[in-house]
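Working notes for the structure below.
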Amino acid sequence: SYQAGGLRYGLSRPFARHALYFDPVFNRRPGKNAQYFPTSHHLNWGFYVVAAGSDKPFSVLAADSPVDVAFWGSSSGQFFPRWTYEKVSEGQGNLLGDTDFDEWGYRQVDNVTDGIVAVYRNKFGPQVSKDDVFFYVYGVLHSEQYRSAFAADLKRMLPRIPLAASTSDFEAFADAGRKLSDLHVNYETVEPYPLAEQTAFVTDPWQTYRVEKMRWADKSSKKALIYNREVTLGDAPAEAHRYMLGSRSALDWLVDRYQVKTDKDSGIVNDPNDWCREHGDPRYIVDLIKRVTR
């Protein structure tokens, strides 16, 4: 039901975007991604949580593209999109007098129901919008107090969301969720954090910023990241390491994923430097580290 030959981007792990050939010939189990991102023309966003019963700690991250089922390095997870798209069968719209579908033949369905919005408006006021509810949930799922209070439940079931104690609390969580979602979805354009960058003089920027395998200078403090023989990024704030996504911090995901690696069975080389060249930006990975630190 989704667009054949649909080349777009997807997330394989946190902050690791890859080109994805989203096609039934190549994707054995597209899951419901085909309803969330049916064509490259259909924009959507949502958040991905660790599945109930996973061996990885609970975590959540917003995304605006298809997400790998093993996003956290775990066996499974679940994506909660803002919208779902329904394919309107040929002639159905005209037959029923229904014109509520786009030029590609899809109808957008709001995943925040009228019923749940009524509950929130009854509790917090008529000004509550469907986006407010969605962002409120995202904010609550990032609350350390929430994760601590419901730690046992989060290990064995999908999150259940309590209502805030007051309208001001609801608005605070919704505002936090909105800001977090913007940071996480648009992580490639966030203002880079001013890490101390020590760079040896090399005339070719593609060689200067080429990555092979990064490592921390001191694994206990993780203040300085040895990017390669020419570049070291220092003064990483301790707060950056507190932001955990599954079993790794956000920065440790970058160290793990952005390295040159050869698949033993196929011999295929996964080289993140190719992404830099494709986008004409030799500093992409260095700046990505700074952006995720932010």
Side-chain angles (χ1 to χ4, degrees), residues 7 9-21 56-57 59 61-63 65 67-68 70-74 183-294:
L7 185 64
Y9 293 122
L11 287 169
S12 61
R13 297 293 185 272
F15 310 113
R17 197 180 299 276
H18 285 73
L20 169 66
Y21 202 77
K56 304 299 181 183
S59 195
L61 189 66
S65 60
V67 178
D68 192 294
F71 191 52
W72 312 108
S74 59
L183 283 170
H184 298 160
V185 168
N186 301 305
Y187 67 90
E188 290 176 300
T189 58
V190 172
E191 179 68 21
Y193 187 87
L195 296 175
E197 183 175 333
Q198 300 176 9
T199 307
F201 180 75
V202 180
T203 55
D204 181 7
W206 295 105
Q207 185 60 40
T208 301
Y209 299 111
R210 175 175 175 78
V211 69
E212 291 289 339
K213 183 175 176 61
M214 295 180 278
R215 63 183 177 87
W216 295 104
D218 181 350
K219 289 186 178 181
S220 59
S221 65
K222 294 186 176 181
K223 290 194 66 175
L225 179 63
I226 299 176
Y227 182 84
N228 59 22
R229 289 182 296 179
E230 286 79 31
V231 179
T232 297
L233 301 174
D235 296 338
E239 291 84 353
H241 297 295
R242 290 182 59 234
Y243 187 54
M244 300 295 292
L245 293 168
S247 58
R248 292 189 176 100
S249 72
L251 290 179
D252 279 331
W253 274 113
L254 300 184
V255 173
D256 176 75
R257 304 308 298 179
Y258 287 83
Q259 60 174 290
V260 179
K261 184 181 293 186
T262 302
D263 181 74
K264 293 181 181 179
D265 295 328
S266 66
I268 295 175
V269 178
N270 182 14
D271 188 345
N273 299 287
D274 292 341
W275 180 274
C276 301
R277 288 190 175 277
E278 289 168 7
H279 291 76
D281 184 4
R283 288 183 52 91
Y284 174 85
I285 300 174
V286 168
D287 288 336
L288 178 63
I289 294 167
K290 294 183 177 183
R291 296 182 197 281
V292 172
T293 300
R294 171 73 69 185

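Numbers for residues simply follow the sequence, beginning at 1. What you see is a predicted model, and the numbers here were worked out from it, not measured in a lab.
Aromatic ring pairs are classed by plane angle as parallel below 30°, tilted from 30° to 60° and perpendicular above 60°; the pair Tyr243 and His184 is parallel. Below 30°, between 30° and 60°, or above 60°: for His241 and Trp216 the angle between ring planes is above 60°, a perpendicular geometry.
Checked by atom type, the side-chain pair Asn186/Thr189 shows no donor-acceptor distance below 3.5 Å.
Residues Tyr284 and Cys276 share a closest heavy-atom pair of CB-SG, 3.8 Å. For Pro57 against Ser247, the heavy-atom pair with the smallest separation is CD-N, 3.9 Å. Residues Val185 and Ala62 come closest through the heavy atom pair CG2-CB, 3.7 Å. The nearest pair of heavy atoms linking Asp252 to Lys222 is OD2-NZ, 2.7 Å. The minimum heavy-atom distance between Asp281 and Trp206, with the atom names listed, is N-CH2, 3.7 Å. Across Pro205 and Pro282, no two heavy atoms sit closer than the pair O-CB, 3.9 Å.
Atom CZ of residue Arg215 and atom CD1 of residue Ile226 lie 3.5 Å apart, to the nearest 0.5 angstrom. With values rounded to the nearest 0.5 angstrom, Tyr193 atom OH is found 15.0 Å from Ile289 atom CD1. Atoms NZ and CG, from Lys290 and Asp287 in turn, are 6.0 Å apart once rounded to the nearest 0.5 Å. Going from atom CZ of Arg210 over to atom CG of Asn273 covers 4.5 Å, rounded to the nearest 0.5 Å. Rounding to the nearest 0.5 angstrom, the gap separating the OG1 atom in Thr262 from the CD1 atom in Ile268 is 10.0 Å. Here the CD atom belonging to Glu197 is positioned 9.5 Å from the OH atom belonging to Tyr227, to the nearest 0.5 angstrom.
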Could you walk me through whether Arg257 and Phe15 pass the side-chain contact (heavy atoms from CB on, under 4.5 Å) test, one step at a time? CA-CA 9 Å; Arg257 304 308 298 179; Phe15 310 113; over 6 Å; no
One pair to check against side-chain contact (heavy atoms from CB on, under 4.5 Å): Val211 and Asn228. What are the steps and the verdict? CA-CA 6 Å; Val211 69; Asn228 59 22; 5.8 Å; no
Pair Arg291-Tyr187, side-chain contact (heavy atoms from CB on, under 4.5 Å): steps then yes or no: CA-CA 7 Å; Arg291 296 182 197 281; Tyr187 67 90; 5.8 Å; no
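Between Asp256 and Arg13 there is no salt bridge, since no side-chain nitrogen of the basic residue lies less than 4.0 Å from a carboxylate oxygen of the acidic one.
Considering only heavy atoms from C-beta on, Trp72 comes within 4.5 Å of Leu61 through its side chain. The shortest distance between side-chain heavy atoms of Asn270 and Asp263 does not fall below 4.5 Å. Side-chain contact check for Phe71 versus Leu245: every heavy-atom pair is 4.5 Å or farther apart.
Relative to the six-membered ring of Tyr209, Arg283 meets both conditions, a distance below 6.0 Å and an angle of at most 45° to the axis.
The side chain to side chain contact (heavy atoms under 4.5 Å, CB included) test with His18 is passed by exactly one of Ser65, Pro272, Ser12: Ser12.
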